[in-house]
Amino acid sequence: MREQVTEARRIVVKVGSSSLTTAAGGLDAQRVDALVDALARCSAEVVLVSSGAIAAGLAPLGLSRRPRDLATQQAAASVGQGLLMRAYNDAFAQHQRVVGQVLLTVDDVTRRVHYRNAYRTLRRLLDLRAIPVVNENDTVATEEIRFGDNDRLAALVASLVHADLLVLLSDVDGLYTGDPSLPTSTAVTDVRSPDDLRHINVKRPGKAGVGTGGMVTKVEAARIATTSGIPVVLTSAPNAKAALAGEPVGTLFHRQRERPQARLFWLAHATSPRGRLHLDAGAVQAVIQRHASLLPAGITAVDGRFAAGDPVDLVDVGGVPVARGLVNYDATELPPLLGRSTGELAKALGPAYEREVVHRDDLVLL
């Protein structure tokens, strides 16, 4: 038995569209009931991150496949979201459990005020023994503010609610070294470090054609969660009951480190950079090895449009991001300051300029 599972007190479970629906028939009641039965029997607190709203809306609208344009996706989501929640409500009611719908956009986990409010809502639902059912707010999200897939959303929610475990349910029963349909591919039962993934080809889409994820997004979600101190089990939806019982099904991604400060996790994984600061070799060394603040003298160029307080990437001489931080200057302020010491700037421009571009407390290594 897996102790990481049996000892978990709060679990986030993510289920994909292909595990709940078909493009031709909308929601599959038997699949929904089987999933709910497994979740309702789990002794831990459970947060369910569920795809399926768009897929559930296809058949009622007479659509044969997932639309590519955003407006039709949003129309399908507005029809399917109600159907999805009704299915969950009816299924959980059979176990005397109440569900609560929580629709999130990227703003809800990237803006600190929204982030805290989302936590309070989810925490209160759990306190009241309700099952939060989380989904991206597909009916209003635009391309610029979408998570892109619910695997990433699930990893961020797992960190948000301080979960002890993330379970990713898919149409594949685990991670394989290649295409699972090929006899040369073998199952991977444990991933203990990034080195275990070097020989694995995960560039394979889902089979049902109704989702947006795939193994790539699940491995990335596992990386986000495990670097936040949260182990991950990846398996198929029919294995949900066994997985939640701690049986060794699917793939276990072991946590990579202890749980970091919530603020630094938020900065690294729940924000999108508004610009880039190019660092010279000395500044890169100071930031990475000495964990120093970033000063104007170490910056060679500035890209992007950002304001003070926005997240920006710090990139090395090759253009590779090495850190992310909250900048203390607007993009238009920085160019005249580059390459100059804070003492020189304070003398020439006043004491307000004797400050870091990015303070070390507002910086996280990538």
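Positions are given from 1 along the sequence. A quick note: this is a predicted structure, and the numbers were derived from the prediction, not measured.
Side-chain contact between L175 and L197 is present, with at least one heavy-atom pair separated by less than 4.5 Å. Counting heavy atoms from C-beta outward, R86 and N89 have side chains that stay 4.5 Å or more apart. Looking at V98 and R129, their side chains never come closer than 4.5 Å, going by heavy atoms from C-beta outward. Here the side chains of Q81 and L103 are in contact, with some heavy-atom distance below 4.5 Å. Side-chain contact between R255 and Q4: absent, with no pair of heavy atoms (C-beta onward) separated by less than 4.5 Å. Counting heavy atoms from C-beta outward, D164 and R10 have side chains that approach closer than 4.5 Å. Two residues are said to be in side-chain contact when any heavy atoms from C-beta on lie closer than 4.5 Å; E220 and D151 fail this criterion. You'll find the side chain of P194 reaches within 4.5 Å of the side chain of Q256, heavy atoms only.
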List the steps and the verdict of side-chain contact (heavy atoms from CB on, under 4.5 Å) for V99 and L48.
-> CA-CA 10 Å; V99 298; L48 175 60; over 6 Å; no

Could you go through the side-chain contact (heavy atoms from CB on, under 4.5 Å) check for H95 and L39 one step at a time?
-> CA-CA 10 Å; H95 299 271; L39 299 182; over 6 Å; no

Given the rule in the side-chain contact (heavy atoms from CB on, under 4.5 Å) test, do I200 and V219 qualify, once you have shown the distances and angles that lead to the verdict?
-> CA-CA 11 Å; I200 296 174; V219 170; over 6 Å; no

Please assess K347 against E344 for the test salt bridge (charged side-chain N to carboxylate O under 4.0 Å, His left out), listing each intermediate value before the final yes or no.
-> CA-CA 5 Å; K347 185 176 181 179; E344 177 188 349; over 6 Å; no

Check step by step if side-chain contact (heavy atoms from CB on, under 4.5 Å) holds for V47 and V102.
-> CA-CA 10 Å; V47 177; V102 181; over 6 Å; no

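The closest donor-acceptor contact from the side chain of D330 to the backbone of E333 lies at 3.5 Å or more, if one exists at all. A donor-acceptor distance shorter than 3.5 angstrom exists from the side chain of R355 to the backbone of N328, with no hydrogens or angles considered. Side-chain N or O atoms of H359 include one that pairs as donor or acceptor with a backbone N or O of D361 at under 3.5 Å. Between the side chain of T6 and the backbone N or O of G246 there is no donor-acceptor pair closer than 3.5 Å. Formation of a donor-acceptor pair under 3.5 Å by the T235 side chain with backbone atoms of D173 is found in this model. No donor-acceptor distance shorter than 3.5 angstrom exists from the side chain of D171 to the backbone of S19, with no hydrogens or angles considered. Using modelled atom types, one side-chain atom of D196 and one backbone atom of R192 make a donor-acceptor pair closer than 3.5 Å. Formation of a donor-acceptor pair under 3.5 Å by the S17 side chain with backbone atoms of S51 is not found in this model. Proximity of a side-chain donor or acceptor of S159 to a complementary backbone N or O of L156 within less than 3.5 Å is not detected. Looking only at distances, no side-chain donor or acceptor of E7 sits under 3.5 Å from a matching main-chain atom of V5.
Closest approach of L84 and G52 over heavy atoms only: CD2-C, 4.2 Å. Closest approach of A245 to M1, counting heavy atoms only: O-CE, 2.7 Å. Closest approach of A243 and V233 over heavy atoms only: CB-CG1, 4.2 Å. The minimum heavy-atom distance between L166 and A225, with the atom names listed, is CD2-CB, 3.9 Å. Y329 and Y353 get closest at one heavy-atom pair: OH-O, 3.5 Å. Nearest heavy atom pair, residue G325 against residue L314, reads N-CD1, 4.2 Å.
In this structure, the separation between CG on L244 and CG on N239 is 10.5 Å, given to the nearest 0.5 Å. To the nearest 0.5 angstrom, L160 atom CG is 7.0 Å from H162 atom NE2. With rounding to the nearest 0.5 angstrom, the CZ atom of F253 is 11.0 Å from the NZ atom of K218. With values rounded to the nearest 0.5 angstrom, L122 atom CG is found 11.5 Å from R120 atom CZ. Taking CZ of R66 as the start and CD of Q73 as the end, the distance is 5.0 Å to the nearest 0.5 Å. Once rounded to the nearest 0.5 Å, the distance linking CG of L27 with CG of L58 reads 10.0 Å.
L234 and V216 fall within a single hydrophobic cluster, where Ile, Leu, Val, Met, Phe, Trp and Tyr are joined by side-chain heavy atoms under 4.5 Å apart, directly or via other members. Note on V249 and I11: separate hydrophobic clusters, where clusters join Ile, Leu, Val, Met, Phe, Trp and Tyr whose side-chain heavy atoms are under 4.5 Å apart, directly or indirectly. By the criterion of side-chain heavy atoms lying less than 4.5 angstrom apart, applied directly or through intervening Ile, Leu, Val, Met, Phe, Trp or Tyr residues, Y176 is grouped together with L168 in one hydrophobic cluster. Linking Ile, Leu, Val, Met, Phe, Trp and Tyr residues whenever their side-chain heavy atoms come within less than 4.5 Å leaves V315 and L279 in two separate clusters. The same ILVMFWY cluster, assembled from side-chain heavy atoms under 4.5 Å apart, contains both L125 and V49.
Side-chain atoms of D179 and S181 form a donor-acceptor pair, as typed in the model, at a separation below 3.5 Å.
Partner of S50 under the side-chain contact (heavy atoms from CB on, under 4.5 Å) criterion, chosen from L20, L169, V134, N150: L20.
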Counting only pairs under 3.5 Å, give me each side-chain donor-acceptor contact of residues 283-308, with atom names and distances, residues two or more places apart or in other chains.
| residue | atom | partner | partner atom | Å |
| --- | --- | --- | --- | --- |
| Q285 | NE2 | Q289 | OE1 | 3.4 |
| S293 | OG | R360 | N | 2.9 |
| T300 | OG1 | H278 | O | 3.2 |
| D303 | OD2 | H278 | NE2 | 2.6 |

